[in-house]
Amino acid sequence: MSRYDPASIEPKWQAAWEEAGTFVASREGDKPKYYVLEMFPYPSGRIHIGHVRNYTMGDVIARYKLSTGHNVLHPMGFDAFGMPAENAAMKSGGHPKTWTYDNIDTMVGQMKPLGFGLDWTRMFATCDPEYYGQQQALFLDFLEKGLVYRKNAVVNWDPVDMTVLANEQVIDGKGWRSGAEVERRELTQWFFKISDYSEELLEALDTLDNWPAKVRLMQENWIGKSRGLEFGFERTDGEAPITVYTTRPDTLMGASFVGISPDHAISKELEAQNPEVAAQLAEMRKGGTTAEALEKAEKLGIDTGIRVKHPLDPNWELPVWIANFILMDYGTGAIFACPAHDPRDYEFATKYELPIIPVFGEDDITEAFVPPKTDKVTYLRGFAGATEQTGDAAVDAAIDLAEKDGWGNGVTKFRLRDWGLSRQRYWGCPIPVVHCDSCGVVPEKKENLPIELPFDNGNEEIDFSIPGNPLDRHPTWRDVACPKCGAPAKRETDTMDTFVDSSWYYARFTAPRAQTPTDLAEAEYWMNVDQYIGGIEHAILHLLYSRFFARAMNITGHLPDKSREPFNALFTQGMVTHAIYQTTGEDGRPVYHFPEDVELRDGKGFLKDGTEVKIIPSAKMSKSKNNVVDPVEIIKAYGADTARWFVLSDSPPERDVEWTASGAEAANKHLSRVFRICAEIAEGDVAPTKEDEALLRETHKAIHDVTMGVESFGFNASIAKLYGFTNALHKSRAGSEVKRFAAKTLAQLMSPMTPHLSEELWQLLGGEGLIANAPWPVADESLLVEDTVTLPIQINGKRRGEMQVARDLAKEEVEKLALAHEAVVKALDGGQPKKLIVVPGRIVNVVV
RNA sequence: GCCCGCGUGGUGGAAUGGUAGACACAGGAGACUUAAAAUCUCCAGGCUUAAUAGGCCGUGCCGGUUCGAGUCCGGCCGCGGGUACCA
């Protein structure tokens, strides 16, 4: 009997699938279609174990759907633009393009041996001119429909390198290379009008039944619809009033001061007039642009000297402060502060000794009191509605009053901001417009697309060793004739955010070689994505941007109406995490070490030279943190099926798993065992026995349970059942015919997870054709029900015994049997039960 | 800071509000073997007990709802993800 030898069987079956075109998506026949998509990878250089887990899950679905009679589309590509390629070029020379395509080659080379049922004929990378040229066409169509515009926005500015930094490149408020303190600076940039769709994107969340509730909740909070009051504070100096927006108008009697953003028009006016204010504002603008940095920054304020009148009491004057925690992007960039009921206002008021006046609750407070708006509270200084009411009711009453008295308006606002897509970087999709002195911003002509990135600068490769955007200092690329008037003009040198690339790739996969962004007939057939699979880290940005893009593509005629929500079902798989090993470099910034360089002793980690490293447990695998685990060694040692089986077993797919190297060997042992058991059965010649029926029942139970697991993303549960079924098959003394049926079924049930082994077993057991094409087994319902069940007996909720009863035994009979049970008799001690609960087929609980 | 999750044996984890720990890993005992590997059989939450039976404790911590809570509710603690230029 031959042994399980993945090294020989895996390439054999991969070749067989390729030759048969098993996974090439086809529209043939009148089969239903199924589109399964995993979030495509960034070509970082090597695939890691998280990719294997992600793509194996998608492959299980794809192969399962193929065997249940679907035309399956299961494509793969690369999200290939982005900073790491430029960083690599900066660090070790070379060109982002060669770096990226080399990485893609490597990764495809690593993925193919895993035997994924992918349609490789559709593969593309977003950095292919063929792809990004169509993206430029989309941009031009969006521009024409008013879905793109320009405005000022704040970026991280490194004053030493004279360059824009990504948030990731700002570490503790300092530039990652220069170490200089970062400033916030305004630039004119391109924006998608996603905010026009705030309401629709919010409401449509309700239709996404097959999305995780937590993702919908996160998007709901991100879109952040709020109802509040907008009103003007009259200035005592007679200048134009300051308009504020507040979601808590009920706390107006607790007003302490009016706060304006450092980027507010009044702040800028004062900055121009007053050098002292200018200096203080410069201080406020230090640090990064992230919400976290802004929120956590020490509260800073400047008293403008301006005074305003309280809308409810003309004799009450409030000071106007510039405050660094107020965002210009949200509301009107100005607020009234109520320190008693807002933690940030409280911190600010305490620091600058401004009044703190409670509006509801206790009159004597030591921290901001912020109960949920649905809670009823007692108003000490209410001015609208009842004395005792919920925050929501009080807000409504305050808005009504303001509108009735004519000093304010109830308005609905969204937190969602327009999507800034401009990036001052080389390795991205060029924005296809030209800046002309006389014509202004001129769209490039479609026939000139793609506007390709220049590979070199004249005769030499583009230089990435100097900070800044090489496109900006590339005259032959940058200087062009205006497409409209022909006069000398300059190409836009900003490129697009890489989120643009990933916002429509799912649509492109339906017709990856089309001469237009999509082919409507193909999109009509294959869209929507029936099952999208990816990491929870994309819950907000990528998924929201994609939802917006699908709408924009529908409006511009590139997608059918049904695709305005492009992903019918979403599954967010957990991440594969791994500890980060960190020390601190001479410059005070963190240095990350590879796991193989760290020795673990008593839960502490040490470098070879004995330096202790800080261990940050369970962190997302990230190339920049050097904690990525490479699956190649496992594949080499045990084969692809073992790797696939292993990443699916044990952990529920939605949960994070901490990577450990043990266990792979065990998975391999199990597959060898399955091979051995099946090979023996293939050769067996035993007449039917009285155990046949029992094995038949086990087989049908396995079909049922494994199928349920696959359908519900419970792959770990499916695998647990498969272990159980394998053990049952191994122990069974049934005849050869039933055993062969059971073994063939086992091979089929395993085939989405371990396709190569299953093909081999299928062949060995005399199955017809490829197992990949064999119809999925169907469980015989009549063989699933057991005649008798074990009923646990509880006394006061604690298990005290059990009894065997017929499955459909009447409730009264069960009660009678339970009361006669030894443990119950003892507990009752002659008395009557207080209560008797019988859950048929489940449990009996006696309360004494 | 804010939003969203997660927390169960030595380990990964199972459990429509109904027998907590399925299925595995690591471990232990035995069979086979000259021996080892491989394979096969069995044991296994903690405490109590010579052992078994029995009992008690036990799903991060504190409290609540319920006949019954890992599961639902409230409050903490810890860890992770996102936080709009990492992808």
Side-chain angles (χ1 to χ4, degrees), chain A residues 39 41-42 44 79 81-84 87 153 155-156 164-170 189 194 212-215 217-222 224 288-297 325 329 343-344 347 415-425 497-499 501-502 535-542 544-545 572 574-575 577 617-620 622-624 649-652 654-658 660 662-663 665-667 669-670 672-673 676 714 716-717 719-724 727 730 790-802 834-837 839 842-847:
Chain A
M39 290 179 186
Y42 178 79
S44 55
D79 189 12
F81 276 135
M83 293 204 314
N87 293 344
V155 294
N156 301 303
V164 177
L165 297 179
N167 286 334
E168 195 192 41
Q169 298 172 319
V170 179
Q189 308 199 62
I194 188 171
K214 66 178 168 191
V215 173
L217 185 58
M218 284 160 85
Q219 292 214 352
E220 185 183 327
N221 289 333
W222 185 258
T289 58
T290 63
E292 189 192 3
L294 296 174
E295 283 281 343
K296 282 190 172 168
F325 65 92
D329 294 319
R344 291 171 305 179
E347 196 188 329
R415 208 183 72 101
L416 180 65
R417 309 201 297 254
D418 277 334
W419 170 12
L421 68 118
S422 300
R423 296 291 181 270
Q424 296 70 39
R425 267 173 260 290
D497 178 9
T498 56
F499 273 122
D501 312 337
S502 56
I536 185 68
E537 67 271 26
H538 293 295
I540 296 175
L541 294 181
H542 163 63
L544 195 61
Y545 291 158
T572 52
M575 282 176 297
T577 60
S618 303
K620 173 180 153 181
S622 162
K623 203 170 188 272
S624 59
S649 60
D650 289 354
S651 281
E654 68 276 14
R655 205 186 295 186
D656 289 353
V657 286
E658 173 85 17
T660 54
S662 66
E665 192 186 337
K669 273 187 193 174
H670 177 72
S672 302
R673 182 164 179 255
R676 226 168 23 244
N716 58 322
I719 285 184
K721 297 291 177 195
L722 285 166
Y723 270 110
N727 288 338
H730 176 62
T790 305
L791 225 49
I793 296 171
Q794 292 183 334
I795 293 164
N796 293 337
K798 290 195 186 229
R799 185 179 171 281
R800 284 292 182 267
E802 60 180 38
K834 234 162 128 181
K835 203 165 177 183
L836 189 58
I837 293 136
V839 184
R842 275 285 180 189
I843 205 164
V844 181
N845 190 10
V846 187
V847 186

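Proteins come first, then strands; the chains are lettered A, B, ... in the order of their sequence lines, and each starts at number 1.
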Note to self: Does A:Gly420 reach a base, just sugar-phosphate, or nothing at all? Heavy atoms under 4.0 Å.
What the structure shows: sugar-phosphate

Next item on the list: Please identify each residue that fulfils salt bridge (Lys or Arg N to Asp or Glu O under 4.0 Å) with A:Arg799, with sequence neighbours left out.
Entry: A:Glu802

Checklist line | Non-neighbouring partners of A:Met218 that pass side chain to side chain contact (heavy atoms under 4.5 Å, CB included), sequence neighbours left out | finding: A:Ala539, A:Ile540

Check: What integer number of Å spans the P atoms of B:U11 and B:C77?
Finding: 25 Å

Check: Please, what dot-bracket string fits RNA chain B when only Watson-Crick and G-U pairs with both distances under 3.5 Å count, crossing ones use [ ] and pairs to another strand use |?
Finding: (((((((..(((.....[....))).(((((.......))))).((((.....))))..(((((..]....))))))))))))....

Notebook entry, point to check: Looking only at atom P, what distance separates B:A87 and B:U39, rounded to whole Å?
Noted result: 46 Å

Next item on the list: Just jot down the salt bridge (Lys or Arg N to Asp or Glu O under 4.0 Å) partners of A:Glu295, sequence neighbours excluded, or say none.
Entry: A:Arg344

Using atom names, set out every protein N or O paired with an N or O of nucleotides 38-41 of chain B below 3.5 Å, distance rounded to 0.1 Å.
{"residue": "B:U39", "atom": "O3'", "partner": "A:Arg676", "partner atom": "NH2", "Å": "3.4"}
{"residue": "B:C40", "atom": "OP1", "partner": "A:Arg673", "partner atom": "NE", "Å": "2.8"}

Notebook entry, point to check: Using atom P of each nucleotide, how far apart are B:A37 and B:G30 to the nearest Å?
Noted result: 14 Å

Notebook entry, point to check: By side chain to side chain donor-acceptor pair (under 3.5 Å), which residues pair with A:Lys296, not counting sequence neighbours?
Noted result: A:Glu292

Note to self: Going by the rule side chain to side chain donor-acceptor pair (under 3.5 Å), which residues pair with A:Glu220 if we only count those two or more places apart in sequence or in a different chain?
What the structure shows: none

Notebook entry, point to check: With A:Val170, which residues qualify under side chain to side chain contact (heavy atoms under 4.5 Å, CB included), at least two apart?
Noted result: A:Asn156, A:Leu165, A:Val182

Next item on the list: List for me each residue that meets side chain to side chain donor-acceptor pair (under 3.5 Å) alongside A:Glu654, sequence neighbours excluded, and say none if there are none.
Entry: none

Next item on the list: May I ask you to say what A:Gln169 touches in the nucleic acid, namely base, sugar-phosphate or nothing, with a heavy-atom cut-off under 4.0 Å?
Entry: nothing

Next item on the list: Provide, to the nearest angstrom, the distance between the CH2 atom belonging to A:Trp222 and the P atom belonging to B:G81.
Entry: 16 Å

Next item on the list: Would you indicate which nucleotide in B:C4, B:C57, B:A84 comes nearest to any side-chain atom of A:Leu416?
Entry: B:A84

Check: Does A:Arg842 have any salt bridge (Lys or Arg N to Asp or Glu O under 4.0 Å) partners at least two apart in sequence or in another chain, and if so, which?
Finding: none

Margin query: Mind checking if A:Leu544 touches a base, just sugar-phosphate, or nothing, with heavy atoms under 4.0 Å?
Written below: nothing

Next item on the list: Taking only the side-chain heavy atoms of A:Met218 (C-beta and beyond), determine which of B:C4, B:A84, B:C86 contains the nearest atom.
Entry: B:C4

Notebook entry, point to check: To the side chain of A:Ile536, which of B:A87, B:G81, B:G82 is closest?
Noted result: B:G81

Notebook entry, point to check: Whole Å only: how far is the NZ atom of A:Lys798 from the P atom of B:C57?
Noted result: 5 Å

Next item on the list: Report, as a single string ordered 5' to 3', how protein heavy atoms within less than 4.0 Å touch nucleotides 14-19 of chain B: B base, S sugar-phosphate only, - not at all.
Entry: S-B-BB

Next item on the list: Determine the contact category for A:Lys721: base if any of its heavy atoms lies under 4.0 Å from a base atom, sugar-phosphate if only primed atoms, P, OP1 or OP2 are that close, otherwise nothing.
Entry: nothing

Notebook entry, point to check: Residues two or more places apart in sequence or in another chain: which of them pass side chain to side chain contact (heavy atoms under 4.5 Å, CB included) with A:Ile194?
Noted result: A:Leu201, A:Leu416, A:Asp418, A:Trp419, A:Leu544, A:Tyr545, A:Phe548

Next item on the list: Provide the distance between the two C1' atoms, one in B:C25 and one in B:A14, to the nearest whole Å.
Entry: 15 Å

